[in-house]
Amino acid sequence: MENSQEKIAKEKIQALSQEIHLHNEKYYNLDNPSISDYAFDQLLKELEALEKQFPHLKTIDSPTQNVGKKPVESAQITLHKNKMYSLSNSYNFQDLELWQERIQKNIPEESIEYFCELKYDGASINLLYQNGNFTRALTRGDGIRGEEVSQNILTIPSIPRKIEPDFPAEFEIRGEVMLTLEAFEKLNKEREENGLELYANPRNTASGSLKLLDATEVKKRGLDCFLYHVSGEDLPFKTHEHMLDWAKNKGFNVPNTGKHCSDLQSVKEYIDHWESQRENLPFEIDGIVIKVNSLNHQNILGYTAKAPRWAMAYKFKTERVSTALLDIEYQVGRTGSITPVAILKPVDLGGTTVKRASLHNEDFISNLDLKIGDIVYVEKGGEIIPKVLGVDLSRRSSDCKDVDFPKVCPSCGSELIKAQGEANHFCPNSMACKPQVLGRLVHFVSRKALNMENLGQETLELLLKENLVKAYPDLFFLTKEDLLPLDRMAEKSVSNILESIQKAKSMPYAKVLFALGIRHVGETVSKKLAQHFSIEDLKKISVSQLLEIGDIGEKIAQSIVDFFADPIYLSWVETLQSVGLNFEVSTQNKLSSVLENASFLFTGKLALFTRDMAKEMVEQYGGRLLSSVSPKLDYLVIGESPGSKLTKAKDIPSIQILTETQFLEKIGKI
């Protein structure tokens with residue numbers, strides 16, 4: 001039986017995990033981060049602290065255990081020969097001193113020397129060479145697997161196609177794909193001349209360029225690649241500096257900005273130099289990477305689940321400015337969530353004029369003690385989305401006014417509600433509140449949902465205004481006669497709209513579930529539901545049944561149950577069924593049904609496959625993943641040091657204990 005403290009912790013862990021997974025998706029797969037690195041790290045640290053306090057609540061797919069994001073399904077996915085780790089971050093010199101203390105505890109008898117490099121703000125890449133020949137290039141992906149981008153990488157002139165084939169015969173070399181500031185400005189100038197939307201920043205543009213399908217277009221972008229690490233077996237290097245010298249001599253693009261530092265004071269001097277001089281570089285950096293120079297020391301220190309213990313990133317502070325808070329507006333999202341937005345006196349930040357910034361929710365405003373008229377500090381999260389960080393209380397005047405968070409919806413006037421355990425206020429008038437109605441439609445037709453590419457927001461607003469559509473099922477009853485009389489509608493545009501609507505009927509079940517707009521249900525959960533439950537199952541599903549599926553916590557499960565219990569939403573689903581949308585359980589990734597209806601849990605350190613691979617195999621062979629030991633569990637698969645889960649499982653006679661080898665035998669892998 002969970003106590004109240006544990007229940008609160010469990011809900012917080014689930015919420016933090018979901019938020020971090022979302023930010024990973026935006027950063028690694030969509031090249032569209034919405035928070036700063038510092039803010040992301042604070043979320044991660046909060047999650048790590050909770051998992052340390054409640055270790056039994058840590059899940060196998062926790063963001064604290066994984067690097068980056070699962071590669072997108074449409075790409076060709078390949079395993080890295082050696083895992084690509086992330087880096088631990090520090091934001092002040094005291095963090096580095098504590099890091100050195102931890103190192104010295106593991107290596108007490110020897111002095112530690114370092115090698116410092118610039119932290120290039122680009123897209124991570126992993127190049128494989130065999131017998132001197134370039135073989136392939138993979139993005140970071142989730143650190144275990146990446147997307148193959150070999151053809152695009154070969155458009156970069158600085159990457160050698162062939163090197164002298166001496167020892168080692170096979171190795172991977174890691175680095176960052178970059179756009180110089182000059183190349184980035186040239187690209188944006190061309191786009192401006194052609195009336196196209198400008199790219200946001202060099203990092204996102206470089207990452208997005210790697211995923212283009214046309215290599216000739218990639219070549220036009222002027223990408224470059226800086227290399228910084230060689231990985232493989234029996235490498236002939238004694239130090240990291242030696243490794244980089246070897247790579248440079250082989251023709252790899254290793255900048256001359258790295259420096260061997262004999263102590264932490266030398267590291268500080270290097271950091272101070274580049275923090276003041278980074279504006280003079282022809283490319284963007286966001287910090288310094290400090291590595292223990294001796295490879296023998298690196299081997300002793302080893303790795304955590306996510307990062308090497310022998311390396312640390314020192315992140316430069318994100319640019320921030322101060323300006324006046326003129327007012328606060330309140331936006332209503334498609335699920336009814338009320339988001340306050342700061343209206344600012346226009347100010348230049350990172351080369352753009354900022355007029356608006358996020359304020360998150362009422363608690364955020366209250367914690368800042370924010371008042372209208374205050375001078376506030378503004379930062380660009382992820383260099384893109386501005387956010388208010390704090391208030392300059394020394395400049396507060398007597399004219400500043402308290403912030404009165406609205407009690408009613410700013411759109412429809414309904415009284416707002418705030419659910420227990422949630423930070424946001426919500427408008428409950430989901431069927432008649434215009435921003436919610438429009439938001440559901442926009443979500444339903446969006447690229448990640450049913451991809452009705454010819455139905456933009458303006459068209460949807462027009463359809464609502466003309467009372468042709470009140471909810472998303474109405475889209476499937478539109479006719480040519482309905483659309484032609486509308487403003488800006490011609491035969492061709494009407495034909496395109498109707499064709500998009502028809503094409504939606506062939507979209508996969510998971511996309512349809514995501515398009516329904518169930519609160520808290522994102523793409524990952526939609527895929528899980530599509531693999532395990534028919535739409536008829538979901539109509540009568542219980543919270544306990546949903547909790548048996550990995551990635552689904554109580555909040556998400558309750559939201560799904562509430563959705564299908566609502567007679568209006570249920571009627572919408574049945575209408576969508578009647579017009580021919582796909583509600584068939586997904587079997588696309590299933591290789592066989594040998595594990596049909598069997599439930600699995602993995603514990604301990606796995607040696608033969610990763611956690612992600614284990615999850616994938618269970619799903620491919622028809623099984624289900626559980627997140628904890630209970631009588632509902634059929635098989636517990638144990639690795640090294642399995643811990644408390646094994647102890648609990650032994651007390652439940654119905655649970656079978658398998659080794660990794662026995663699991664692979666069960667699915668016919670060996």
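Only heavy atoms go into these numbers, but all of them, side chains included; no hydrogens, no water, no symmetry mates.
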Within a strict 4.5 Å, meaning less than it, do heavy atoms of the [X] and [Y] side chains meet?
| X | Y | result |
| --- | --- | --- |
| I144 | H80 | no |
| Y621 | K666 | no |
| T610 | D142 | no |
| L368 | V388 | yes |
| P435 | R334 | no |

Can a donor-acceptor pair be found, under 3.5 Å and without considering hydrogens, that links the side chain of [X] to the backbone of [Y]?
| X | Y | answer |
| --- | --- | --- |
| H360 | P340 | no |
| Y472 | L516 | yes |
| T139 | G146 | no |
| K540 | E536 | yes |
| R309 | Y303 | yes |
| S559 | R519 | yes |
| D474 | A471 | yes |
| T603 | P642 | yes |
| S366 | D363 | no |
| S599 | D634 | yes |

Greater than 12 external heavy atoms within 6.0 Å of [X]'s [atom1]:
| X | atom1 | value |
| --- | --- | --- |
| K418 | NZ | yes |
| K503 | NZ | no |
| Q662 | CD | yes |

Please report the closest heavy-atom contact between [X] and [Y], naming both atoms and the distance.
| X | Y | answer |
| --- | --- | --- |
| H532 | K528 | CD2-O, 3.0 Å |
| V637 | T659 | CG1-O, 3.9 Å |
| Y85 | T304 | CE2-O, 3.6 Å |
| I655 | L633 | CG1-O, 3.2 Å |

### Task
Indicate the ring-plane relationship of F609 and F602, choosing parallel, tilted or perpendicular according to the 30° and 60° boundaries.
perpendicular
### Message
Which label fits F514 and H443: parallel for a plane angle under 30°, tilted from 30 to 60°, or perpendicular past 60°?
### Response
perpendicular
#### Entry: Pair F663 and F600, ring centroids less than 6.0 Å apart
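Yes, ring centres under 6.0 Å apart.
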### Query
Are F564 and Y569 an aromatic pair by the rule of ring centers under 6.0 Å?
no
Between [X] and [Y]: side-chain donor-acceptor atoms closer than 3.5 Å:
| X | Y | answer |
| --- | --- | --- |
| Q502 | K505 | yes |
| S542 | S544 | yes |
| S534 | D537 | yes |

### Query
Would you call K448 and E523 a salt bridge, taking side-chain N to carboxylate O under 4.0 Å as the test?
yes
